[in-house]
Amino acid sequence: MIKKKSTKKRVFGTSNRPRISVFRSNKAIYAQVIDDTSGKTLVSSSSREKVFGNKKKTKSELSNEVGKLLGKRVKMLKIQKVVFDKGKYLYHGRIKSLAEGIREMGLDL
């Protein structure tokens, strides 16, 4: 909880540069793009969506695909730069894979 609060103090999303918030459970990963000035979620993506179905992939590969899907949706909103909020998680494994997927779609983190 302390780690999350210290990260939240430093990371803030605006309408020009929204925040990507990440939640990771044991089975799935969720990411959403948030405009903190208006307090609204712009787009979201998760590994539980029907787009991914029941393909046999590792969790890291699935996280990368979620990042690509989220990046595509953000590009449709004509947003180029975002702030990455990893929350309480280390920048390692699935979180890193998600960020790489977002970068592959041309977004600036």
Side-chain angles (χ1 to χ4, degrees):
M1 189 71 171
I2 293 171
K3 235 182 198 186
K4 185 176 180 181
K5 284 185 179 179
S6 67
T7 304
K8 183 72 173 118
K9 272 192 272 185
R10 290 178 272 141
V11 178
F12 189 80
T14 62
S15 58
N16 296 335
R17 190 169 182 159
R19 173 174 61 101
I20 294 181
S21 177
V22 178
F23 175 72
R24 176 185 58 116
S25 69
N26 288 337
K27 294 183 179 183
I29 191 159
Y30 306 87
Q32 57 184 350
V33 179
I34 303 168
D35 178 7
D36 287 321
T37 53
S38 64
K40 293 187 178 182
T41 300
L42 305 175
V43 291
S44 65
S45 178
S46 77
S47 59
R48 304 280 303 217
E49 292 183 23
K50 291 184 180 182
V51 175
F52 302 112
N54 45 1
K55 299 175 185 173
K56 298 294 180 188
K57 291 188 176 187
T58 64
K59 292 178 185 177
S60 292
E61 291 171 346
L62 198 56
S63 296
N64 192 305
E65 295 294 320
V66 170
K68 288 180 184 177
L69 181 63
L70 185 70
K72 189 185 301 183
R73 289 178 179 172
V74 171
K75 285 284 214 173
M76 283 195 245
L77 296 175
K78 306 226 182 334
I79 297 172
Q80 295 297 322
K81 294 185 176 187
V82 292
V83 179
F84 191 71
D85 179 11
K86 63 181 184 56
K88 62 183 178 179
Y89 309 108
L90 295 175
Y91 187 79
H92 181 270
R94 290 192 278 162
I95 304 297
K96 183 178 179 182
S97 180
L98 178 85
E100 289 171 354
I102 294 169
R103 280 193 194 100
E104 286 176 23
M105 295 308 295
L107 289 177
D108 185 24
L109 292 182

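Throughout, residue positions are numbered sequentially from 1 according to the sequence presented. Nothing here was measured: the structure is a model prediction, and the numbers come from that model.
- For R17, the CZ atom sits in a packed shell: over 12 heavy atoms of surrounding residues, nucleotides or ligands are nearer than 6.0 Å.
- Hydrophobic clustering keeps V51 apart from V33 (ILVMFWY residues linked when any side-chain heavy atoms are closer than 4.5 Å, directly or through intermediates).
- Panel note: side chain R94, backbone S60; no donor-acceptor pair is recorded below 3.5 Å.
- The distance from the OG1 atom of T41 to the CZ atom of R19 is 8.5 Å, given to the nearest 0.5 Å.
- Although no hydrogens or angles enter the test, the distance criterion places a donor-acceptor pair under 3.5 Å between the side chain of S63 and the main chain of K59.
- Here the CD-NZ distance, from E61 to K56, works out to 13.0 Å after rounding to the nearest 0.5 Å.
- The number of heavy atoms from other shown groups lying within 6.0 Å of NZ (K40) does not exceed 12.
- Atom OG of residue S25 and atom OH of residue Y30 lie 5.0 Å apart, to the nearest 0.5 angstrom.
- Nearest heavy-atom pair, P18 versus K81, reported as atom, atom and distance to 0.1 Å: CD-O, 3.6 Å.
- Under a 3.5 Å cut-off, the side chain of S47 and the backbone N or O of I29 do form a donor-acceptor pair.
- Looking only at distances, no side-chain donor or acceptor of Y89 sits under 3.5 Å from a matching main-chain atom of I95.
- Here L98 contributes atom CG and R24 contributes atom CZ; the two are 11.5 Å apart, rounded to the nearest 0.5 Å.
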Review item, side-chain donor-acceptor pairs of residues 100-109, under 3.5 Å, at least two apart:
residue, atom, partner, partner atom, Å
R103, NH1, Y91, OH, 3.1
E104, OE1, K68, NZ, 3.2

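- Between D85 and I34, every side-chain heavy-atom pair lies at or beyond the 4.5 Å cut-off.
- Hydrophobic clustering (ILVMFWY, side-chain heavy atoms < 4.5 Å, transitive): L77 and V66 are in one cluster.
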